[in-house]
Amino acid sequence: MIKPYLYIDKSKGKGRGVYTKEKIPAGTRIETSPVLVLTYDDTEIVDKTRLHNYIFLWGAKETRSCVALGFCSIYNHDYNPNCEYEMDFKEETMSIITRRDIKKGEELFINYNGDVTDSSPLWFDTKKKQTAKKKQTAKK
């Protein structure tokens, strides 16, 4: 299930992103999509490909990964996201839920670290990291 008002469009400096054509209230489940669960061995192979940036750790011990279908792998990252994701290991689905009211035309974000409050560094440069690097370079 993907709400019909969601769409994919270009996101400045981030490739593609997920947007909404309508206002969305906080706490709305806007997507529930199936996932393809990968074994540990499959994950090692996928980690060496471009798909590495589109998979999620999977399972209570995070020993596997998954490819999320639907729009799940297109949501961009933010350390203060307006959405969060929820995984159902039994049903092998992933859901996206809004954390606050969303405005029409707004891009929807998740925190790639899983926990919406986790500000740990990611495996790629984020705007936050790039700004910190610029400040360090300016001090030199």
Side-chain angles (χ1 to χ4, degrees):
M1 173 279 301
I2 298 174
K3 294 291 187 181
Y5 46 76
L6 299 180
Y7 66 98
I8 296 173
D9 203 355
K10 291 180 182 175
S11 177
K12 189 174 181 179
K14 297 182 178 191
R16 295 175 291 175
V18 180
Y19 294 82
T20 179
K21 295 177 190 173
E22 297 178 11
K23 294 191 304 187
I24 310 170
T28 302
R29 186 173 303 266
I30 57 175
E31 175 173 357
T32 299
S33 293
V35 302
L36 302 174
V37 179
L38 304 177
T39 65
Y40 177 84
D41 291 337
D42 289 340
T43 301
E44 283 195 331
I45 293 167
V46 170
D47 274 341
K48 296 174 186 165
T49 72
R50 187 174 178 205
L51 289 176
H52 168 78
N53 291 324
Y54 297 94
I55 61 173
F56 294 84
L57 293 176
W58 187 259
K61 296 182 181 179
E62 296 184 339
T63 55
R64 296 173 289 160
S65 67
C66 74
V67 175
L69 303 176
F71 292 169
C72 290
S73 292
I74 305 297
Y75 292 85
N76 283 313
H77 167 78
D78 195 286
Y79 284 113
N80 185 23
N82 50 17
C83 297
E84 61 186 323
Y85 62 89
E86 177 180 279
M87 296 175 166
D88 185 329
F89 302 132
K90 183 180 175 199
E91 295 298 320
E92 295 187 346
T93 60
M94 187 167 159
S95 295
I96 308 293
I97 303 149
T98 57
R99 297 181 61 220
R100 61 167 175 77
D101 291 345
I102 309 292
K103 298 174 189 169
K104 178 181 177 180
E106 188 173 350
E107 183 173 2
L108 304 168
F109 294 96
I110 59 175
N111 184 329
Y112 288 177
N113 287 322
D115 179 350
V116 295
T117 63
D118 187 343
S119 60
S120 301
L122 298 174
W123 63 96
F124 63 92
D125 275 348
T126 62
K127 189 173 185 176
K128 186 176 181 180
K129 278 189 194 177
Q130 291 167 352
T131 302
K133 283 182 185 178
K134 285 179 186 176
K135 286 180 181 178
Q136 287 176 344
T137 304
K139 287 180 182 179
K140 290 181 181 179

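Computed from heavy atoms alone, side chains included, the values below leave out hydrogens, waters and symmetry copies. Please read these numbers as outputs of a predicted model, since none were measured by experiment.
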Q: Could you tell me whether the side chain of Leu6 reaches within less than 4.5 Å of the side chain of Phe71, counting heavy atoms only?
A: yes

**Q.** Nearest-0.5 Å distance, CD1 of residue Ile102 to OH of residue Tyr5
**A.** 9.5 Å

Q) Looking only at heavy atoms, what is the nearest atom pair of Gly17 and Ser11, with distance? A) N-CB, 4.0 Å

**Q.** Cluster check Met94, Ile97: I/L/V/M/F/W/Y, side chain < 4.5 angstrom
**A.** no

(Q) According to salt bridge (charged side-chain N to carboxylate O under 4.0 Å, His left out), who are the partners of Arg16, at least two apart in sequence or on a separate chain? (A) none

Q: Hey, could you give me each pair passing ring pair (Phe, Tyr, Trp, His ring centres under 6.0 Å) that has a residue in residues 81-105? Not counting sequence neighbours.
A: Phe56-Tyr85, Trp58-Phe89

**Q.** Cys83 SG to Asp78 CG distance, which is reported to the nearest 0.5 Å
**A.** 10.5 Å

Q) Is the backbone N or O of Tyr112 less than 3.5 Å from a side-chain atom of His77, with the two atoms forming a donor-acceptor pair by type? A) yes

Q | Shortest non-hydrogen contact between Ser73 and Ala68, atoms and distance | A | OG-O, 3.4 Å

Q | Side-chain H-bond candidate by donor/acceptor type, Asn76 with Glu107, under 3.5 Å | A | yes

Q: With sequence neighbours left out, write down each residue that passes side chain to side chain contact (heavy atoms under 4.5 Å, CB included) with Glu91, or none if nothing qualifies.
A: Asp88, Thr93

**Q.** From Arg50 atom CZ to Asn53 atom CG, the distance as rounded to the nearest 0.5 Å
**A.** 8.5 Å

Q. Quick one: do Ile110 and Ile2 end up in the same hydrophobic cluster if we chain Ile, Leu, Val, Met, Phe, Trp and Tyr together by side-chain heavy atoms under 4.5 Å apart?
A. yes

Got a list of side-chain donor-acceptor pairs under 3.5 Å for residues 21-29, not counting sequence neighbours?
{"from": "Thr28", "atom 1": "OG1", "to": "Pro25", "atom 2": "O", "distance (Å)": "2.7"}
{"from": "Arg29", "atom 1": "NH1", "to": "Glu86", "atom 2": "OE2", "distance (Å)": "3.0"}
{"from": "Arg29", "atom 1": "NH1", "to": "Ser95", "atom 2": "OG", "distance (Å)": "2.9"}
{"from": "Arg29", "atom 1": "NH2", "to": "Glu86", "atom 2": "OE2", "distance (Å)": "3.2"}

(Q) Test of understanding: clusters of I, L, V, M, F, W, Y form through side-chain heavy atoms closer than 4.5 Å, transitively. Do Met1 and Leu69 belong to the same one? (A) no

Q. Within the distance-only criterion (no hydrogens, no angle test), does the side chain of Glu84 pair as donor or acceptor with the backbone N or O of Asn111 below 3.5 angstrom?
A. no

Q) Under the salt bridge (charged side-chain N to carboxylate O under 4.0 Å, His left out) rule, what pairs show up with a residue in residues 1-14, not counting sequence neighbours? A) none

(Q) Can you tell me how far apart CG (Asn82) and CZ (Arg100) are? Round to the nearest 0.5 Å. (A) 4.5 Å

**Q.** Spacing of CG belonging to Leu38 relative to CG belonging to Leu51, to within rounding of 0.5 Å
**A.** 9.0 Å

Q: Check the hydrophobic clustering (I, L, V, M, F, W, Y; side-chain heavy atoms under 4.5 Å; chains of links allowed) and say if Val35 and Leu57 are grouped together.
A: no

**Q.** Rounded distance (nearest 0.5 Å) linking atom CZ of Phe109 with atom CD1 of Ile96
**A.** 13.0 Å

**Q.** Cluster link Leu108 to Ile8, ILVMFWY, side chain under 4.5 Å
**A.** yes

Q: Enumerate the residue pairs fulfilling side-chain hydrogen bond (donor to acceptor under 3.5 Å, both in side chains) with a member in residues 63-72, sequence neighbours excluded, ordered by first and then second residue.
A: Thr43-Ser65

